[in-house]
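Everything on this sheet refers to the single structure shown next.
All ligand and atom numbering here is 1-based and tracks the order in the structure.
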Amino acid sequence: MYKPMDQSRKEITMKPIKLGIIGCGIAAKDLHWPALSRMREKFEIVMVCNHTAEKAKEFSQMAGNIPYVLDYKELLGNKDIEAVDIILPIHLNYQVTRDALEAGKHVMVEKPLAANLEEAKQMLELERKYKEVVMVAENFRYHPIFLKTKEYLDQGKIGDPYAVFWNHFCHLRMDNKYAKTLWRLNHQYPGGFITDGGVHNIAVFRDLFGDIISGISSTKSVNRTIGEIDSMSFQFTTEKNVNGVFNTYYSANGYSENRILILGKEGTIIIQGDRIQIKREGFPDVEETIESDWGYRGEFEDFYHAIRSGRKVVSSFFEAYRDLEVMIAALDSAEQWKHFTFKKE
Ligand code: NAP
């Protein structure tokens, strides 16, 4: 799991990485830019690309009138650019990552790794083949609240964890900014929002409790206009012998919840919003509020140090492959109403 650099240590000043951004949509503007704009000593955005001019221009102006192009291959042809941040519709991840690596650029690409397992396997091939740094922008792997949870578990604050329950209920209406993106509504990858959002949760389960080794799920489509399915209950076990239940429901009318409960032999951890609570019989409750930017800065820090210092990235293609593999196995298990088990390699 990710360990932030010791902030008290004076970092050796290295040159900022010359970065190109491919895709200037919601995640680029609302999630990546706020982090990057505070890290100018580490990243210099030198060119952006969006295939429609309005969004390219808007991002360019927001970032200080940097040059923009409409064709990502033109950006890849820019010799100054060392690394690219790919923030595109999911079905383009493989093609653009491959082209970027062929052009000699380091790559950070948004989650999920790819639109299907075939392309995800090809992404693993790319990770093996190229010496350039590749990573997936799985921000939950850097999210301070989950890093703190891991610390508490490692310190034995609740003894051995044996069960985890994550309830994620919301009502995704058609006026939601993400629901308005056509590539999500006409998704070219299994599971729609369940996969798009669910890989985040799977990443956390795996980071905290080890690989998911078996499971079964049931799914539903309540509001087909937001995609193929919008509701799932997934029950699983992990290699550390933890039982899990993940409920993710995007059409919960009049109710929202995002809450994790971890049962340990000597206590319980509850995570809700930015708060972690530890409850143990006979001891006062411990409650902590964790300041967080949802891990976006952490992922860029990791990308930077991998490029400049050769540190291994935490959010590798391999980890993202495993997250997606679990998601797809869970979806398949719902169709067949049959458990899946991953064989040990
Ligand atoms: P989005 O708003 O639709 O952004 C995608 C952008 O790519 C759009 O501006 C689109 O332009 C542009 N585009 C499409 N095809 C292109 C091409 N061939 N060349 C250049 N630009 C192209 O979607 P989003 O919500 O930002 O999601 C993008 C990625 O970020 C997805 O992988 C998603 O899973 C991920 N994401 C991650 C998080 C997180 O928390 N980590 C949150 C949200 C999204 P047009 O709209 O003009 O077609």
Side-chain angles (χ1 to χ4, degrees), residues 20-36 47-60 62-63 68-77 84-100 107-116 119-120 123 135-146 168 170 172 176-204 226-227 250 258 292-300 302-303 314-315 317 319-320 323-324 327:
I21 299 220
I22 306 180
C24 298
I26 305 164
K29 272 189 309 182
D30 298 354
L31 309 176
H32 289 218
W33 169 248
L36 285 168
M47 186 176 265
V48 299
C49 163
N50 201 84
H51 67 157
T52 48
E54 204 181 318
K55 289 185 184 176
K57 213 167 171 176
E58 191 194 348
F59 199 108
S60 147
M62 183 176 72
Y68 69 85
V69 292
L70 308 186
D71 181 348
Y72 76 85
K73 290 197 173 158
E74 199 178 324
L75 182 148
L76 295 179
V84 290
D85 182 14
I86 300 172
I87 324 163
L88 290 172
I90 294 165
H91 59 270
L92 295 174
N93 282 359
Y94 169 61
Q95 174 198 321
V96 181
T97 298
R98 186 197 56 204
D99 292 347
V107 170
M108 178 194 265
V109 58
E110 261 297 346
K111 41 56 60 181
L113 180 61
N116 52 58
E119 288 189 353
M123 291 288 252
M135 75 172 272
V136 171
E138 178 45 87
N139 56 299
F140 277 36
R141 293 212 141 87
Y142 305 87
H143 194 312
I145 209 152
F146 303 125
H168 166 249
C170 65
L172 196 78
N176 176 284
K177 60 184 178 183
Y178 293 116
K180 285 187 195 157
T181 51
L182 288 177
W183 63 269
R184 282 193 174 87
L185 301 184
N186 308 315
H187 54 91
Q188 295 177 37
Y189 48 92
F193 271 100
I194 297 292
T195 302
D196 187 4
V199 288
H200 286 305
N201 310 77
I202 301 297
V204 174
I226 61 167
Y250 282 89
N258 193 6
S292 155
D293 74 337
W294 286 70
Y296 297 108
R297 186 180 174 107
E299 67 187 15
F300 281 109
D302 204 19
F303 192 43
V314 167
S315 186
F317 278 14
E319 292 301 336
D323 300 339
L324 184 64
M327 230 22 259

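- Nearest protein heavy-atom neighbour of atom 47 (O) of ligand 1: Thr52 OG1, 2.4 Å.
- The heavy atom nearest to atom 37 (C) of ligand 1, out of those in Glu58, Glu54, Glu110, is found in Glu110.
- Atom 21 (N) of ligand 1 has as its closest protein heavy atom His51 N, 3.1 Å.
- Contact analysis puts Trp183 in contact with ligand 1, with a non-hydrogen atom separation below 4.0 angstrom.
- With hydrogens and angles left out, the side-chain atoms of Asn201 and His168 include no donor and acceptor closer than 3.5 Å.
- In terms of protein heavy atoms, atom 43 (C) of ligand 1 is closest to Tyr178 CE2, 3.5 Å.
- With a 4.0 Å cut-off on non-hydrogen atoms, Asn50 touches ligand 1 through its backbone as well as its side chain.
- Glu119 and His91 are not linked by any side-chain donor-acceptor pair at a separation below 3.5 angstrom, with hydrogens and angles left out of the test.
- Closest to atom 26 (O) of ligand 1 among all protein heavy atoms lies Ala27 N, 2.8 Å.
- Put simply, part of Tyr296 is less than 4.0 Å from ligand 1, judged by heavy atoms.
- Looking from atom 31 (C) of ligand 1 to the surrounding protein, the closest heavy atom is Leu88 O, 3.3 Å.
- Glu138 does not count as a contact of ligand 1, since none of its heavy atoms falls under 4.0 Å from the ligand.
- With respect to Asp30 and Lys177, a salt bridge is recorded, a charged nitrogen being found less than 4.0 Å from a carboxylate O.
- The closest approach between any non-hydrogen atom of Ile87 and ligand 1 is below 4.0 Å.
- Contact annotation: Lys29 has no heavy atom less than 4.0 Å from any atom of ligand 1.
- Looking from atom 41 (N) of ligand 1 to the surrounding protein, the closest heavy atom is Asn139 OD1, 2.9 Å.
- Using a 4.0 Å cut-off between heavy atoms, Lys111 contacts ligand 1 through both its backbone and its side chain.
- In the candidate list His91, Arg184, Glu299, Arg184 is nearest to atom 24 (P) of ligand 1, counting heavy atoms.
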